[in-house]
S.K.: 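Just passing along the structure, written as structure tokens.
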Protein chains: 2
Amino acid sequence: MASIEADLEDLTARARIREAALRQFGELGFERATIRGIAETAGVSSGLVRHHFGSKEALREACDEFLVKTLRRVRDATFDDPMLTRANPVAMAQAAFGPYQPYLVRALVEGRAEPLFDEMVRAGEQWLAEADAERADPPFADRKARATVSTAMALAVTILHRHVSRSLGVDVASPEGAHLLATVILDLHSHPALSPETAAEMRAALERIRPA
Amino acid sequence: MASIEADLEDLTARARIREAALRQFGELGFERATIRGIAETAGVSSGLVRHHFGSKEALREACDEFLVKTLRRVRDATFDDPMLTRANPVAMAQAAFGPYQPYLVRALVEGRAEPLFDEMVRAGEQWLAEADAERADPPFADRKARATVSTAMALAVTILHRHVSRSLGVDVASPEGAHLLATVILDLHSHPALSPETAAEMRAALERIRPA
DNA sequence: ACGCCTACTACACAAGCGTGTAGCTTCCTT
DNA sequence: AAGGAAGCTACACGCTTGTGTAGTAGGCGT
């Protein structure tokens, strides 16, 4: 797992700038992060940032592009360990996102990082395909639609990590927090919030007010 | 339901500025929104913004404060209609958040708007209390912890509305999108993703790697 | 040894920002 | 009617920003 903190000096200046940008964009957001701040973090002049990436917007695009490639690689390595990933999905997410988590969260919230989201949906569809095989009654909705919403929900804890940590009383990034979180998620996913009867009721009510 | 669009002229200048700020902060984000832009939207001079609110940061705090009061009022009115709110939680969220949805989403993601999140958790706890009464096996985790994660998940679709709309192929804010979304959520909430057996397996695996 | 491209720095510039100040109107109080 | 606070505007200041330009150091092919 590549770390931002370690061995920044070993990288080329271009890579150092990109890593610094990833960190600054993630910590401060795109607007509050400055070219000069990124340059300073990378240990180069601000002019070099422009020399290598052209503009601030292009730098962000380079970051996005880099992450798409990186995450694909990390994912291939991580998803192959089903025991670890299934036992603690939260730990998996942290492992997959790596040190780029703050950046990715911001990108997702702003509606960017489409490839990442879509790929997660696709993974969810695969998972649902297996689950649907053992399901008695037909699902209410399209498999992709269910995978989409599930994906969004899976990202919720990471996106709202501040609120969740505060409300749980423990940092979800800590080992204890991750464990608690996994326990909770396991409980929620193995116990339906709605009984078949109430679900049927609500579904009927929903169809009654169905739009054209 | 108060609308930002309508009757801006009827409000006092101070209120117009606040409404304009709510909209600009929501649409553009706090950094990209400018005092001058807010003033122009409100139809006043930029100096008046400073006169009434002192600083940009203070203006944001005034917006937060206003929303806490407003939402409490709106919630009391909306939550009393259990048929509507339970039939379509998404429509409920949109109704409750009102035109301030973009602002609130940004506030939540940035870790602000704690009162809003905490109140949602509390409502979730109440709901879970009823559900737990009819539950056979004991929950894996604390009720508040489950309410916290459920709350985060409930907010996910709203926060990631761009991705969700794109992946569903229909705007979740539209009547058709809201209906589809409600159907999906109903399905997910009434069918556990994990069977009791696999859940037990994963729980065992989780306990095996439990941190100190 | 020469030329040249690439990496890199230093510095300047215009624009937009939040903020400060001075002054004008309006309306309410006494 | 006088006075004064409150609502409101116009304008300027200083700072930071992204970007542009000029120039230097260094390695590499010829």
Side-chain angles (χ1 to χ4, degrees), chain A residues 4 7-67 102-103 106-107 110-112, chain B residues 2 4 7-67 69 102-103 106-107 110-112:
Chain A
I4 291 188
D7 304 325
L8 270 188
E9 300 144 8
D10 293 6
L11 300 171
T12 65
R14 192 173 196 282
R16 279 210 313 278
I17 293 171
R18 193 191 52 226
E19 295 292 319
L22 252 1
R23 187 160 62 175
Q24 297 272 314
F25 286 157
E27 284 180 9
L28 307 172
F30 182 71
E31 340 281 341
R32 288 178 57 199
T34 67
I35 302 273
R36 287 170 175 84
I38 292 167
E40 192 179 357
T41 304
V44 299
S45 73
S46 69
L48 191 60
V49 177
R50 171 172 174 76
H51 174 70
H52 277 304
F53 295 94
S55 73
K56 193 183 181 182
E57 185 57 41
L59 175 56
R60 164 152 75 174
E61 284 164 19
C63 289
D64 284 348
E65 211 170 313
F66 170 77
L67 282 186
Y103 181 94
R106 285 186 194 272
E110 289 167 19
R112 291 175 17 254
Chain B
I4 291 188
D7 303 326
L8 269 187
E9 301 146 5
D10 293 6
L11 300 172
T12 65
R14 192 174 196 281
R16 279 208 315 276
I17 293 171
R18 193 192 52 226
E19 295 292 318
L22 251 1
R23 187 161 64 177
Q24 297 272 309
F25 286 157
E27 283 179 11
L28 307 172
F30 182 72
E31 342 281 338
R32 288 177 58 200
T34 67
I35 302 274
R36 287 171 175 82
I38 291 168
E40 193 179 357
T41 304
V44 299
S45 73
S46 68
L48 190 59
V49 177
R50 171 172 175 77
H51 174 69
H52 277 304
F53 296 95
S55 74
K56 194 182 182 183
E57 184 58 39
L59 174 56
R60 165 153 74 174
E61 284 165 19
C63 288
D64 284 348
E65 210 170 314
F66 170 77
L67 282 185
K69 284 192 299 184
Y103 182 93
R106 286 187 192 272
E110 288 167 21
R112 292 175 15 257

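Quick note on labels: first sequence line is chain A, next is B, and so on, each numbered from 1.
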S.K.: Would you mind listing every ring-ring contact (aromatic ring centres under 6.0 Å, His included) that reaches into residues 31-64 of chain A, with sequence neighbours excluded?
M.R.: none

S.K.: Please work out if A:A33 contacts a base, only the sugar-phosphate, or nothing of the nucleic acid, heavy-atom cut-off 4.0 Å.
M.R.: sugar-phosphate

S.K.: To the nearest angstrom, how far is B:R36 atom CZ from C:dC17 atom P?
M.R.: 6 Å

S.K.: For B:F53 and C:dG18, give me the distance from atom CZ to atom P, rounded to whole Å.
M.R.: 15 Å

S.K.: What's the closest nucleotide to the side chain of B:S46 if the choices are D:dC8, C:dA12, D:dC11?
M.R.: D:dC11

S.K.: Check the distance between D:dG7's C1' and B:I17's CD1 and give it to me in whole angstrom.
M.R.: 10 Å

S.K.: Nearest whole Å is fine: how far is D:dG18 P from A:E31 CD?
M.R.: 10 Å

S.K.: Nearest whole Å is fine: how far is D:dA10 C1' from B:L48 CG?
M.R.: 13 Å

S.K.: Which part of the nucleic acid, if any, lies within reach of A:A39 when heavy atoms closer than 4.0 Å are counted: base, sugar-phosphate only, or nothing?
M.R.: nothing

S.K.: Which listed nucleotide (D:dT17, C:dA7, C:dT19) is nearest to the side chain of A:T34?
M.R.: D:dT17

S.K.: Return the nearest nucleotide to the side chain of A:R50; candidates are D:dC11, C:dC8, D:dT21.
M.R.: D:dT21

S.K.: Under the 3.5 angstrom rule, does the side chain of B:R106 hit a backbone N or O of B:G26 as a donor-acceptor pair?
M.R.: yes

S.K.: CD of A:Q24 versus C1' of D:dT17: gap in Å, rounded?
M.R.: 15 Å

S.K.: Nearest to the side chain of A:S45 - C:dC8, D:dC8, D:dG18?
M.R.: C:dC8

S.K.: Of the candidate nucleotides C:dT19, C:dT9, D:dT9, which contains the atom at the shortest distance from the side chain of B:V44?
M.R.: D:dT9

S.K.: Rounded to whole Å, please give me the gap between CD1 in B:I35 and P in D:dC13.
M.R.: 20 Å

S.K.: Could you state the atom-to-atom distance from CZ of B:R32 to P of D:dG18 in whole Å?
M.R.: 14 Å

S.K.: Counting side-chain heavy atoms from CB outward, which of D:dC8, C:dT21, D:dT19 is closest to B:H51?
M.R.: D:dC8

S.K.: A:S55 has a side chain; which of D:dG18, D:dT19, D:dG7 sits nearest to it?
M.R.: D:dT19

S.K.: Which nucleotide sits closest to the side chain of A:H52: C:dG18, D:dG18, C:dA7?
M.R.: C:dA7

S.K.: Is the side chain of B:K56 donor-acceptor paired with the backbone N or O of B:R50 at a distance under 3.5 Å, no angle test?
M.R.: no

S.K.: Looking at A:E57 and A:R60, does any basic side-chain N land under 4.0 Å from a carboxylate oxygen?
M.R.: yes

S.K.: Any side-chain to backbone donor/acceptor pair from B:R18 onto B:C63? Under 3.5 Å, distance only.
M.R.: no

